[in-house]
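We count residues from 1, following the sequence as given. Basis for what follows: all heavy atoms, side chains included, without hydrogens, waters or symmetry-related copies. Small disclaimer: the values here were computed from a predicted structure and weren't measured.
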Amino acid sequence: MLHIKSAKYLSGYKLWIAFDDGTSGEVDLANELKGSMFEPLKDLAEFQNVTVDPELETIVWPNGADLAPEFLKALQSKQSV
């Protein structure tokens, strides 16, 4: 099972994410913030509050939004092509 070890806000809706499989890279979530849970994250001040939950081992925000590591890995792979 894939987990996120660390995440860092870069700029805009971009994060640098390190996975527990030894890979890392930039992920742009600008086009992925859809639905009521992610609507508040369109405010960059809120988006920047991203952290890694130690139990879930994925990125989370204070409003309860989170994204699965597998989704982020697939998105990162797609965006780095």
* How far does NZ of K78 sit from CG of D28, to the nearest 0.5 angstrom? ->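 If we round to the nearest 0.5 Å, K78:NZ and D28:CG are 11.0 Å apart.
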
* To do: To the nearest 0.5 Å, tell me how far L2 CG sits from D20 CG.
  =>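 The distance works out to 5.5 Å.
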
Report yes if the side chains of [X] and [Y] come closer than 4.5 Å at any heavy-atom pair, otherwise no.
X: N63; Y: N49; result: no
X: K73; Y: T23; result: yes
X: L29; Y: L75; result: yes

* **Whether over 12 other heavy atoms sit under 6.0 Å from D43 CG** =>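 Enclosed: over 12 neighbouring heavy atoms sit under 6.0 Å from CG of D43.
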
Nearest heavy-atom pair of [X] and [Y]: which atoms, and what distance?
X: D66; Y: F38; result: O-CZ, 3.5 Å
X: E57; Y: P69; result: O-CG, 3.8 Å
X: V27; Y: L72; result: CG2-O, 4.0 Å

* Linked, directly or transitively: F71 and V60 (ILVMFWY side chains, under 4.5 Å) ->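 No, F71 does not connect to V60 through the hydrophobic network.
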
* I4 with L56, same ILVMFWY side-chain cluster at under 4.5 Å ->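 I4 and L56: separate clusters.
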
* Asked: Is the backbone of F47 close enough, under 3.5 Å, to the side chain of W61 for a donor and an acceptor to pair up by distance?
  ->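 Yes.
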
If you look only at distance, which donor and acceptor atoms sit under 3.5 Å apart when one is on a side chain in residues 5-18 and the other is two or more places apart or in another chain?
residue: Y9; atom: OH; partner: G12; partner atom: N; Å: 3.0
residue: Y9; atom: OH; partner: G12; partner atom: O; Å: 3.1
residue: Y13; atom: OH; partner: K42; partner atom: O; Å: 2.4

